Amino acid sequence: MTNPVLSVRNLVIDYIGAETDFHAVKGVSFDIQPGELFGLAGESGCGKSTIAFAVSRLHRPPALIRKGSEILVDGRDVLTLDDDALRAFRWREVAMVFQSAMNSLNPVLTIEEQFYDVLRTHTQTTREAARARAAELLKLVDISPDRLSAYPHQCSGGMRQRIVIAICLALNPKLLIMDEPTTALDVVVQREILQRIDTLRKQLGFAVLFITHDLSLMVQVSDRIGIMLEGHLVEVNDAQTIYHSPQHDYTKRLWASMPKLHGAQIVREATS
Amino acid sequence: MSDTAPILALKTVSKIFGKGDSAVYAARDVSFALHSGRTLALVGESGSGKTTAARLIMREYSPDHGQLLFQGAPLGKADARAIKAYRSSVQMVFQDPFSSLNPAHTIRYHLERPLRLHQPGLTGSQRKAAIAELLTRVKLDPAIVMPKYPHELSGGQRQRISIARALAVNPKVIVADEPTSMLDVSVRLGILNLLNDMKAELGLALLYITHDIATARYVAEDIMVMYSGQIVEWGAMDSVLDNPQHPYTRLLLSAVPDPDRRFSDAGAELDQIETIRRRAALPQPEIRQVAQNHFIRPMPEDGR
């Protein structure tokens, strides 16, 4: 067995309140292997996004990671990094695509300048080298390099989302975190983007932590899946096992509430 | 479709925005009919014209061509009384349960208003009884919910209030525009079951607008697939889903998340997304029947 690219151990995160604390993540542990696509599923408020933010140390007060928690990226504890180390760690080791990523591009900069911004901050690069690298990255996500001179508003939502993904891949991170990356997009565009991610991670070898509430989609694209319920990771297994023989009662109930596209329809349970 | 006369029908309705070269057909020759006790699903991606169709029914837009028929009679420049009757017969449930209720008013106020406007004869206590009945119908406890404000309720509860508000005027038709897309999986099913119950118990005609085809299959008997303002394929739900004939329908269906299919066995349609999109957007005047209750508008050949 190879060393995992991400190893989360006994992660406890609370949101500190004036009177009581809200326990968002309650002792979660899981590993992601190099090149693996790991899905984290659950309903709103189950703590899945809190975990994603914690892994890239983007969590802000009142969120507090309790002592005893460990987040290891390539064996290094992310929670002990100082500011400089953290700056080097983000993008280079772990890059994150947010839910509304297509709106996270700067509207007054061209696409090329947004690439240059990241490349210049993290590497010693010239404008020409940055332009060449940006063109190369755009090609990876099926966008023509002549879009480099375009502004974000001149690109469609799906295209902007792909540009953000290309920027995330600029420094060859080991882990790409995607928090509901396609919720705001149409199914056809969603499919195009995820299909591309699937090809790229096999080609470039990065691992993906994929967060969504769409369990069907997750089974299609993930290698392994973790199911979260109220801050606990209640079941972790191969995608096909999660689908065909879910073990935890909550996973079974999730499947029982998803209407099917073909074949026998789900049966309506007698509600009390 | 059923043999009974439709309650509401659109007959070759077009809605055009802009002029000349920049004209956009948000609806092009759209025809469909809603029958009581049946649900018709309208599916398509954003920008396909789904919401324009809803707005045409709600009379927020007036058609540039074609007619809106209500109980068989055209509703053009109808008089005020006919419009009022129409408004109390056709109600809408919106996508966002967070913005479609007024945060400054209680649930009781939200349900009292339609009763006051459309049934002015009711006394205060009759109205209160009617509100309690509506809340019970949508499976909420009137004693608890009535004095609450929208922010004190969950998304699913708020969507139930929206449905109760629509039911307050005894409508014949309900247009539901993505009513579950902002809800969690476990809550979603409750709302879908509620819509199914309303349809069966009250004999409502439902237009269910969505991009989620799996939920459409759960609530609707018939389906229409819309792209670029045109209804490209329509008919009985299972006939369309199991045997899609229009390339755009096939593309859409192959992209819908389906746990039974891995990404690696993608359909051929996904390789020609751009071609299908471009050709499916061209006018498709011809209608071809492919099964007993299953029709498509065939795409024109390239270069024509």
Side-chain angles (χ1 to χ4, degrees), chain A residues 37 41-46 142 156-158 182-199 202 212-223 225 229 239-240 242-244 246 250 253-263 265-272, chain B residues 43-48 139 154-156 180-194 196-197 210-220 227 237-238 241-243 248 250-267 269-271 273-274 276-277:
Chain A
L37 207 160
E43 298 187 81
S44 337
C46 72
D142 288 330
S156 69
T182 52
T183 346
L185 301 169
D186 280 307
V187 283
V188 178
V189 179
Q190 164 176 290
R191 179 61 186 251
E192 276 180 287
I193 290 177
L194 291 178
Q195 194 103 41
R196 199 68 220 161
I197 289 284
D198 194 41
T199 316
K202 283 169 184 156
T212 182
H213 62 272
D214 189 336
L215 215 48
S216 306
L217 178 67
M218 190 162 267
V219 169
Q220 277 190 301
V221 65
S222 305
D223 298 319
I225 292 176
L229 170 65
Q240 290 304 312
I242 290 279
Y243 177 47
H244 290 291
Y250 176 68
R253 277 189 285 134
L254 273 182
W255 282 119
S257 59
M258 310 256 294
K260 284 195 156 55
L261 195 58
H262 296 287
Q265 188 54 276
I266 50 168
V267 199
R268 182 170 174 181
E269 285 177 38
T271 41
S272 49
Chain B
V43 304
E45 55 184 59
S46 7
S48 60
K139 305 200 168 59
S154 71
T180 61
S181 65
M182 297 188 67
L183 304 176
D184 267 324
V185 181
S186 58
V187 181
R188 203 169 66 183
L189 196 67
I191 298 293
L192 297 177
N193 285 334
L194 186 61
N196 272 341
D197 290 347
T210 188
H211 65 268
D212 184 344
I213 303 179
T215 65
R217 178 168 181 248
Y218 189 75
V219 295
Y227 183 69
M237 181 68 70
D238 284 340
L241 292 191
D242 295 339
N243 188 20
Y248 180 73
R250 287 197 194 149
L251 170 64
L252 189 64
L253 285 173
S254 68
V256 172
D258 180 353
D260 285 318
R261 273 199 328 232
R262 287 290 292 177
F263 261 30
S264 27
D265 29 84
E269 284 74 22
L270 287 165
D271 298 333
I273 293 175
E274 291 317 315
I276 294 176
R277 280 222 165 108

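Order of the sequence lines sets the chain letters (A, B, ...), proteins ahead of strands, with each chain counted from 1. Just so it is clear, the structure is predicted and the values come from calculations on it, not from any experiment.
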Looking only at heavy atoms, what is the nearest atom pair of B:P257 and A:D214, with distance?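 Answer, listing the atom of B:P257 first, then A:D214: CG-OD2, 3.6 Å.
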Side chain of A:W255, backbone of A:H244: donor and acceptor closer than 3.5 Å? no
Can you check whether B:D260's main-chain N or O pairs, donor with acceptor, with B:D258's side chain at less than 3.5 Å?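 Yes; judged by distance alone, with no hydrogens or angles, the pair exists.
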Residue among [options] with most heavy-atom pairs under 4.5 Å to chain B:
| options | value |
| --- | --- |
| A:V219, A:D186, A:V187, A:L215 | A:D186 |
| A:G157, A:P259, A:A239 | A:P259 |
| A:L261, A:L254, A:T199 | A:L261 |
| A:Q190, A:E192, A:M258 | A:E192 |

When heavy-atom pairs shorter than 4.5 Å are enumerated against chain A, which of B:G190, B:S181, B:P259 gives the highest number?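 Sorted descending by pairs with chain A, the first entry is B:P259.
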Would you mind checking which part of B:I273 comes under 4.5 Å of any heavy atom in chain A, side chain (CB onward), backbone (N, CA, C, O), both or neither? side chain
Against chain B, label A:S222 side chain, backbone, both or neither, depending on which of its atoms sit under 4.5 Å from a heavy atom there.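 Answer is backbone: N, CA, C or O of A:S222 sit under 4.5 Å from chain B.
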At a 4.5 Å cut-off on heavy atoms, which part of A:I266 comes close to chain B: side chain, backbone, both, or neither?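 The answer is both parts of A:I266.
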Closer than 4.0 angstrom, basic N to acidic O: yes or no for B:D238 and B:R217? yes
To the nearest 0.5 Å, atom CZ of B:R277 lies from atom CD of B:E45 at 4.5 Å
Spacing of OH belonging to B:Y218 relative to CG belonging to B:L189, to within rounding of 0.5 Å: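 If we round to the nearest 0.5 Å, B:Y218:OH and B:L189:CG are 4.5 Å apart.
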